[in-house]
Amino acid sequence: MPERTVPHPTAFRLVLWPLAAVQLIDGVWALFFPRSFYDDFPAGRGGWVAALPEYSEHLVRDVGALFLATALLLAVAAVRLERRLVTLTLVVWLLWALPHAVWHFFNLGAYETGDAVANAVSLALTVAGPAALLVLLARTPTLARRGAGAAPAGGATRLSGVERPRNPLVRAVYGQTKRQFGRVMEPIKLTAHSTPLLLGYGAFEMATERATRMDGRLKELATMKAAQLSGCEWCLDFGSAIVRAKGVSDEDLRALLDPRDSDVLSDDDKLVVEYAEAMTRTPVDVPDELFERLRARFDEAQIVELTSVIALENYRARFNWALGIQSEGFSEGAYCVPPALAAGTTASGA
């Protein structure tokens with residue numbers, strides 16, 4: 001369950017997509033119609049660029065190309081919502097937008113009052129929104145920061161993990177895992193006893209991470225329900241931290257104890273959680289009626305993604321259970337979904 005997305009993805013998309021759209025429109029305008037951009041920007045009013053002469057076709061076309069480049073970067077960040085990519089995109093944007101805004105704030109004398117106010121407000125928004133997102137990212141601890149300072153909470157596993165791998169491919173996996181999560185977790189160390197399995201498992205996790213047809217929140221809720229039913233301590237500890245970093249609230253997680261009577265979960269939430277319950281039963285029992293409700297709500301690619309991620313969580317849970325892998329403190333001090341067997345008890349930090 002890699003930490004891929006930023007927290008509160010809707011908030012990030014509400015900033016990134018409008019910026020990308022504006023940059024795309026203005027970039028095409030300036031690059032291919034530089035004289036019109038100079039004379040007529042902003043559309044319907046004009047005069048903002050022409051008020052600060054002189055006209056240079058070369059400069060305007062270069063600005064247009066810059067706008068298109070930033071539009072592409074913003075759009076990719078809005079689609080992928082990978083934390084490091086979004087952070088880089090916001091920093092790159094502010095490296096341009098902040099000096100641009102400051103210069104204009106001190107050169108508003110060429111405009112009439114209405115244009116000066118509109119200019120200042122629009123420029124301020126281009127800085128304030130991205131800056132607020134960077135603050136949000138800084139205040140939301142990553143799993144790497146939590147993992148680096150947290151000692152494993154569980155006891156010894158049934159097998160010893162590979163601590164110092166000689167295989168360069170395994171060392172590369174360890175390095176990436178440590179950068180992303182703060183340390184190499186026990187499931188990775190144990191899987192590393194078989195290099196082909198480690199690489200194959202890593203490829204499957206990567207493919208799962210990059211499958212985005214199905215809503216991410218729904219997949220996370222279904223995954224957590226499967227982990228809860230299987231009683232995997234490690235999965236619940238790590239998974240609770242993962243979903244929290246992606247904006248799923250503690251109230252959502254608590255509702256997994258009794259989803260059918262929840263006022264917090266939506267109808268779609270309850271449907272995918274019910275599907276996770278059916279898939280995680282032993283033996284598996286997915287009634288036709290339940291599957292038809294899924295087909296009425298989601299397309300085939302979405303159902304395949306959802307089914308795969310629930311099945312993958314069952315693999316993780318059973319692998320960890322059999323080898324005695326316990327929690328590693330990723331949710332320490334925060335709410336952690338309890339196993340289903342402890343549903344009647346009070347949940348606490350893992």
Side-chain angles (χ1 to χ4, degrees), residues 5-142 246-247:
T5 62
V6 297
H8 310 293
T10 299
F12 281 80
R13 287 194 173 106
L14 286 174
V15 173
L16 294 171
W17 275 122
L19 289 177
V22 170
Q23 291 297 94
L24 175 61
I25 294 169
D26 290 347
V28 171
W29 190 1
L31 180 60
F32 296 104
F33 309 97
R35 186 75 225 192
S36 172
F37 182 82
Y38 180 81
D39 292 333
D40 303 326
F41 181 88
R45 187 172 185 86
W48 285 15
V49 180
L52 302 168
E54 295 177 349
Y55 171 69
S56 168
E57 179 181 344
H58 174 208
L59 180 59
V60 175
R61 288 188 187 274
D62 284 354
V63 169
L66 170 65
F67 285 178
L68 289 178
T70 54
L72 177 60
L73 182 60
L74 289 160
V76 172
V79 170
R80 298 187 65 84
L81 289 182
E82 293 175 352
R83 189 178 186 116
R84 284 185 290 183
L85 174 61
V86 170
T87 301
L88 175 63
T89 299
L90 293 172
V91 170
V92 168
W93 172 264
L94 288 173
L95 284 174
W96 171 78
L98 183 58
H100 177 68
V102 169
W103 189 91
H104 277 279
F105 290 156
F106 288 97
N107 290 274
L108 295 173
Y111 301 111
E112 296 180 359
T113 301
D115 285 327
V117 171
N119 204 318
V121 170
S122 61
L123 289 170
L125 290 175
T126 67
V127 173
L133 295 183
L134 278 179
V135 171
L136 179 59
L137 284 173
R139 290 184 175 179
T140 305
T142 63
K246 294 183 178 182

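Start at 1 with the first residue, then count along the sequence.
Rounding to the nearest 0.5 angstrom, the gap separating the CD atom in Glu82 from the OG1 atom in Thr89 is 10.0 Å. Remark: Leu31 CG to Asp26 CG distance equals 12.0 Å, nearest 0.5 Å. With values rounded to the nearest 0.5 angstrom, Leu90 atom CG is found 5.5 Å from Leu133 atom CG.
Heavy atoms only, all atoms of each residue included: Leu52 and His104 are closest at CD1-CE1, 3.8 Å. Closest approach of Val86 to Leu137, counting heavy atoms only: CG1-CD1, 4.3 Å.
Legend: ring pair (Phe, Tyr, Trp, His ring centres under 6.0 Å) pairs involving residues 116-136, not counting sequence neighbours: none detected. For residues 37-51, the side chain to side chain donor-acceptor pair (under 3.5 Å) pairs, not counting sequence neighbours, are Arg35-Asp39, Ser36-Asp40, Arg45-Asp115, Trp48-Asp115.
Residue Phe41 qualifies as enclosed at atom CZ: its count of foreign heavy atoms under 6.0 Å is above 12.
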Side-chain donor-acceptor pairs of residues 68-76 under 3.5 Å, sequence neighbours excluded:
{"unit_1": "Thr70", "atom_1": "OG1", "unit_2": "Gln23", "atom_2": "NE2", "d": "2.7"}
{"unit_1": "Thr70", "atom_1": "OG1", "unit_2": "Leu66", "atom_2": "O", "d": "3.2"}
{"unit_1": "Thr70", "atom_1": "OG1", "unit_2": "Phe67", "atom_2": "O", "d": "2.9"}

Donor-acceptor pairs under 3.5 angstrom involving side-chain atoms of residues 120-132: please list them, not counting sequence neighbours.
{"unit_1": "Ser122", "atom_1": "OG", "unit_2": "Ala118", "atom_2": "O", "d": "3.0"}
{"unit_1": "Ser122", "atom_1": "OG", "unit_2": "Asn119", "atom_2": "O", "d": "3.0"}
{"unit_1": "Thr126", "atom_1": "OG1", "unit_2": "Leu123", "atom_2": "O", "d": "2.6"}

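In this structure, the side-chain hydrogen bond (donor to acceptor under 3.5 Å, both in side chains) partners of Glu57, at least two apart in sequence or on a different chain, are Arg61. For the side chain to side chain contact (heavy atoms under 4.5 Å, CB included) test, residues two or more places apart in sequence or in another chain that qualify with Val60 are Ala30, Pro34, Phe37, Tyr55.
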